[in-house]
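Below is one structure, written out as structure tokens; comments come after it.
Since the model is a prediction, treat every value here as computed from it, not as a measurement. Residue numbers start at 1 and run along the sequence shown.
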Amino acid sequence: MTRKLRMGMIGGGKDAFIGAIHRIAANMDGLIELVAGALSINNEIAVESGKMLFLDPERTYLDFKTMLTKEAAMPADKRMDFVTIVTPNFAHFEPAMMALDLGFNVVIEKPITFSLEEAKQLKAKVEATGLTLLLTHTYTGYPMVKQARQMVKDGALGKIRKVWVEYPQGWLSKLSEREGNAQAAWRTDPTKSGKSGCMGDIGTHAANLAEYISGAKIEKLCADLNILVPGRALDDDGAVLLRFDNGAAGVLMASQVAAGEENALKIRVYGEKGGLEWAQHEPNTLLVKWLDKPTEIYRAGGGYTFQSSYMTHNTRTPGGHPEGYLEAFGNLYRNFAQTLSAKIDGVQPSPESLDFPGTEEGVRGMAFIDNVVRSSQSDAKWTNFEI
């Protein structure tokens with residue numbers, strides 16, 4: 001490529017948390033530039049946000065349909081290459097489908113859609129068009145998560161037997177959705193978030209991480225969902241027993257009422273020979289625990305002999321400099337951009353560049369929500385993981 005990829009954005013205007021995160025991540029490697037946006041359903045905020053981001057006023061749109069239609073009509077050397085959708089769950093499907101129909105690649109916040117049926121339709125559309133979709137399951141972008149996955153794949157732990165994954169937060173310990181917290185308001189509203197709150201919001205992250213590192217797929221589960229804050233409409237806490245297709249057993253816990261917790265995502269994977277432990281609060285560290293020798297501490301950076309190509313491809317700084325949330329997000333965008341640029345140039349992307357979540361993970365995430373809710377409603381019975 002002799003130019004930057006051109007990005008449009010739907011949602012993510014002034015004061016929107018995740019929109020700013022996406023823009024930082026997209027800008028991190030100098031491969032992408034923001035050229036257009038339909039940044040808010042509020043016209044005043046949309047225009048003001050466009051000015052703050054120095055967008056061409058002609059490419060600051062008041063709704064996504066106008067943006068996609070007008071961008072598609074532009075000359076090839078002007079129009080955007082892809083669109084990033086950072087709206088709440090219920091507003092993912094329609095703009096994503098329209099973008100694909102008009103020939104635009106897509107980046108989309110998770111969960112991928114409002115329902116499993118929408119996710120299946122979106123996956124089929126991506127396959128039919130041959131376009132590329134990135135789903136921002138951020139935690140798969142961390143270097144030491146890449147290292148853990150590769151070690152499991154290489155058989156360093158032997159056959160995987162057990163997976164523990166937990167994601168406690170405390171930010172919904174009060175009825176914040178009725179106290180003016182906009183993030184809480186839509187995430188706890190069934191008409192905007194879907195049939196699950198906590199499990200849909202962060203339980204899907206935990207499930208995705210468990211499958212990504214272990215290389216196995218969930219095939220059965222037994223779930224217990226709870227509403228622990230009186231007056232809330234959707235689950236704010238839950239636990240799930242898991243069975244994987246390789247015979248491994250698992251436990252998944254997610255809670256947004258663990259008072260005092262921030263984003264304490266943690267995973268442990270155990271095989272016949274040893275285990276791995278990774279926590280987002282200490283992202284540069286991977287603990288490698290052996291059956292017959294002392295625990296080893298693996299650190300990102302430093303040029304150690306254990307490092308896989310997938311880890312080094314996604315490591316940005318020398319040893320001792322934390323590789324955090326923004327860098328992991330940036331890795332997803334960089335891998336997507338490298339893949340898209342290679343496709344435009346007619347060359348094969350590297351395996352490391354192709355390592356980012358897409359529609360397959362999106363469909364499985366929505367199926368996880370459906371199956372967890374179904375199991376919990378059946379009085380926590382074992383439920384086959386159906387898609």
State, without any angle test, whether [X] and [Y] hold a side-chain donor-acceptor pair at a distance under 3.5 Å.
| X | Y | value |
| --- | --- | --- |
| Y298 | E296 | yes |
| E352 | N335 | no |
| T312 | Q307 | no |
| T317 | E323 | yes |
| Y61 | E71 | yes |

According to side chain to side chain donor-acceptor pair (under 3.5 Å), who are the partners of [X], at least two apart in sequence or on a separate chain?
| X | answer |
| --- | --- |
| N331 | R316, R334 |
| E109 | H22, T136 |
| D235 | S196 |

For [range], pull every pair meeting side-chain hydrogen bond (donor to acceptor under 3.5 Å, both in side chains), keeping only residues two or more places apart or in separate chains.
| range | result |
| --- | --- |
| residues 113-123 | K123-E127 |
| residues 32-49 | K14-E48 |
| residues 217-231 | N226-D237 |
| residues 257-270 | Y167-N263, Q169-N263, K266-E277 |

Cut-off 3.5 Å, no hydrogens considered: what does the side-chain donor-acceptor table look like for residues 82-91, sequence neighbours left out?
residue : atom : partner : partner atom : Å
T84     : OG1  : Y333    : OH           : 3.1
T87     : OG1  : A91     : O            : 2.8
N89     : ND2  : S193    : O            : 3.0

Report yes or no: do [X] and [Y] belong to one cluster of Ile/Leu/Val/Met/Phe/Trp/Tyr joined by side chain heavy-atom distances under 4.5 Å?
| X | Y | answer |
| --- | --- | --- |
| Y304 | L286 | yes |
| L131 | I32 | yes |
| M1 | L340 | yes |

Show which side-chain atoms of residues 150-164 pair as donor or acceptor with protein atoms under 3.5 Å away, not counting sequence neighbours.
residue : atom : partner : partner atom : Å
Q150    : NE2  : D154    : OD1          : 3.2
K159    : NZ   : N246    : O            : 2.5

My understanding is that a hydrophobic cluster links ILVMFWY residues whose side chain heavy atoms are under 4.5 Å apart, including indirect links. Using that, what else belongs to the cluster containing W171?
L172
Under 4.5 Å side-chain heavy-atom separation, chaining through any Ile, Leu, Val, Met, Phe, Trp or Tyr, what else clusters with V47? Say none if it is isolated.
L62
Side chains of L276 and Q147: does their closest heavy-atom pair fall under 4.5 Å?
no
Heavy-atom side-chain proximity of V165 to I213 below 4.5 angstrom
no
Any pair counted as ring-ring contact (aromatic ring centres under 6.0 Å, His included), so long as it reaches residues 202-234, sequence neighbours left out
H137-H205, Y139-H205
